[in-house]
Amino acid sequence: MTDVAISAAVPLHAAFCTDPGRARTNNEDLPLVDVDHGVYGVIDGVGGQAAGEIAAGVAFDVIRQRLARPLGTAAERVREAIAIANNEIFRRADEVPDLHGMACVVTLAIVTDRVLTIGHVGDSRLYLLRGGGMQKLTHDHSPVGEREDAREMSEIDAMRHPRRNEVFRDVGSGYRDKDDEEFVEVIEMPFAPDCAILLCTDGLTDMVPSARIEWIIRQYAGRPEDVVNALVGAANDAGGKDNVTVVYAEAPAFAAAWRGSWSSPAETPADPGADPARHAAAPRRRFASIARAIVRSRATWFAVGAVMGIVAALTVAWRIGGTKVDSPRTLVVGGTATAAFSRISDAVLTAQPGDVIRVEPGIYHERIDVPDGVDLIAAVAGTVTIARPPDAVGEAVGISANGDVSARIQGIRIESTPELPLDVGMRISGQGRAVELIEVSGPMRVGVDVLPAANLRVHGSRFAVAGPALTVAERAHAVVTACVFLRRGAISDAPIRVSPTADVALTGNVFAGYADDIVKGVSGETLRQLKTSNSVFGSELPAGR
């Protein structure tokens, strides 16, 4: 969760959650949260497994950079940011034939000086919550959505319509001018201290009716992380047929105002999704869902390793006399809070298993050794950069992570430069580490080094290194999903190198500039399967992505 003061009177509390859903292995959605500039958004890729992810990534980069510059009115900024993203996606698709037709849909919000400004293209949505009710402010740019907005079709019928996912307005399929009135829908309205906003992709609204969305928010108002997790969970419980991304931000008086809109517990309505027969069958459905996931998942070993690690940790605690375990904490690095650490390594010295180290935007010239069971999270993905310390001697490693208790590294950039080169971007040992939404770039010997017998899961990350992006040592395991690998420099060897005794699973990744040589160390049927479950482009993508 992230806090920021957008004015002296209206601090926002925000959180986001994104998930591939139950039916898909790749995730074409991206949340955009820049609390320093009051920017919130969701991006949903269109155009197939590979192209949709690339389009969303281009839009994310371009929009974030444009909105970080407070030039022009909020309406001008959202209109211009979406138009620039549109034309950049269109240009890159024109340069790489395999990406023709890629696009995305975008919903943005800027909250400044008690004013909410929305920029919207497509069928993702923004809801305003105030006065005890929830109101959809954006219009679905789709045939079915138009009929639903005009009340020619009920919400449930629209959710079930076979053409629900068709859109007639997107970002990237053709060149657009920022002043085109038929392109970006811009909405401006007051935003009071008792309001909240919810932005979401259609993976939520196609699965969960608005009444249940409102009911869930009411239950968890005041706890944004619980709100987004509960909404994503509801979409997955309903079938999870698509990627689902939720961004939620509330002003400080919102929770009390919403709880006060029901004067007594007797007036509190029941869960709109509460069907007695459905709840009676819930344990069986949960078991069946878990069983299916275990059977079909190529990452089962990862879950087993995590459970074994947790059991081992509990056993150790029991053997040393049942020592009391402190509640998990969030240790903040950077920012303006008086209790914040100035260096990541200082927070690491204090961290215990279960703690979260949350890093505010900035460049941190230090080597990070993440302890067992500790999460290292960027407060805003992509704004925290780890770089080599100028006085470092010997082998230079950006981040090292070890241990057997499950933990995440999320949203971090690791950058190597000719002036301050890294040898290894990230080194992983142990059984329980997950890496999400990271970026590793620059000249280095290896991007991510998985040591012998280690287990690692990598999702939604970007590698642009002049050398192998990932090496997997003997008896190690790695699952890599929805990542982008870009060849940089003269080195054209395989971006992934695997020991003969190691195991690697690759699904929904994009490899650009490597031709068919994407993995070294596997051959035959295994290599063929890896190629068919990923997208490989012989041409290199433009350097800006």
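By the 30° and 60° cut-offs, the orientation of the rings of H141 relative to F168 is tilted.
In this structure, E436 pairs ionically with R457, as a charged nitrogen and a carboxylate oxygen lie closer than 4.0 Å. Ion pairing of E360 with R358 is present here, as a side-chain N (NZ or NE/NH1/NH2) and a carboxylate O approach within less than 4.0 Å. Using a cutoff of 4.0 Å between basic side-chain nitrogens and carboxylate oxygens, K178 and E80 are not scored as salt-bridged. Taking a cutoff of 4.0 Å between a charged side-chain nitrogen and a carboxylate oxygen, E88 and R91 qualify as a salt bridge. Between R64 and D34, no side-chain nitrogen of the basic residue sits less than 4.0 Å from a carboxylate oxygen of the acidic one, so the salt-bridge criterion is not met.
Between V348 and I368 there is a side-chain heavy-atom pair separated by less than 4.5 Å. The closest side-chain heavy-atom distance from Y364 to V333 is below 4.5 Å. With contacts defined as side-chain heavy-atom distances shorter than 4.5 Å, the pair L486/V484 qualifies. Annotation: side chain of M102 is in contact with side chain of R92 (closest heavy-atom distance under 4.5 Å). Between I197 and V111, some side-chain heavy-atom pair lies under the 4.5 Å cut-off. Considering only heavy atoms from C-beta on, I412 comes within 4.5 Å of I409 through its side chain. Looking at heavy atoms from C-beta onward, T117 lies in side-chain contact with V78 at the 4.5 angstrom threshold. Taking 4.5 Å as the limit, every side-chain heavy atom of V384 sits out of range of all side-chain heavy atoms of R413.
If you take CZ on F60 and CZ on R462, they are separated by 11.5 Å, rounding to the nearest 0.5 Å. To the nearest 0.5 Å, the span separating CG on L456 from CG on L470 amounts to 7.0 Å.
When all heavy atoms of L128 and C195 are compared, the pair lying nearest together is CD1-CB, 4.2 Å. Closest approach of I84 to R66, counting heavy atoms only: CD1-CD, 4.4 Å.
Side-chain atoms of D140 never come within 3.5 Å of backbone atoms of S142 as a donor-acceptor pair (strictly under, hydrogens ignored). Of the possible donor and acceptor atoms, one in the side chain of R22 sits under 3.5 Å from a partner among the backbone N and O of N236. T138 places a side-chain N or O within 3.5 Å of a backbone atom of L126 that can act as its donor or acceptor partner. In terms of modelled atom types and a separation under 3.5 Å, the side chain of H459 and the main chain of S461 share no donor-acceptor contact. Formation of a donor-acceptor pair under 3.5 Å by the R169 side chain with backbone atoms of F183 is found in this model. Within the 3.5 Å criterion, the main-chain N or O of E28 finds a donor-acceptor partner in the side chain of N243. A donor-acceptor distance shorter than 3.5 angstrom exists from the side chain of N229 to the backbone of E225, with no hydrogens or angles considered. The backbone N or O of S124 sits nowhere less than 3.5 Å from a side-chain atom of T201 that would complete a donor-acceptor pair.
The aromatic ring centres of Y175 and F90 sit 6.0 Å or more apart.
Looking at residues two or more places apart in sequence or on another chain, you find no side-chain hydrogen bond (donor to acceptor under 3.5 Å, both in side chains) involving D194. With sequence neighbours excluded, the residues forming a side-chain contact (heavy atoms from CB on, under 4.5 Å) with R367 are D369, V397, S400, listed by chain and number. Residues passing the side-chain hydrogen bond (donor to acceptor under 3.5 Å, both in side chains) test with S342, sequence neighbours excluded: none. Evaluation of the side-chain hydrogen bond (donor to acceptor under 3.5 Å, both in side chains) rule for T18 yields N27, T245 as partners, not counting sequence neighbours. In terms of the side-chain hydrogen bond (donor to acceptor under 3.5 Å, both in side chains) criterion, residue partners of Y127 (sequence neighbours excluded) are, by chain and number, R125.
Using modelled atom types and a 3.5 Å distance limit, the side chains of S345 and E366 yield a donor-acceptor pair. Side chain to side chain, D375 and Q410 fail the donor-acceptor criterion of an N or O pair below 3.5 Å. Using modelled atom types and a 3.5 Å distance limit, the side chains of S173 and D170 yield a donor-acceptor pair.
Heavy atoms of other residues, nucleotides or ligands lying less than 6.0 angstrom from NZ of K136 number more than 12.
Within the structure, ring pair (Phe, Tyr, Trp, His ring centres under 6.0 Å) contacts touching residues 226-256 (residues at least two apart or in different chains) are F254-W258.
With V246 as the partner, the side chain to side chain contact (heavy atoms under 4.5 Å, CB included) test is satisfied by one option alone out of V228, D19, D29: V228.
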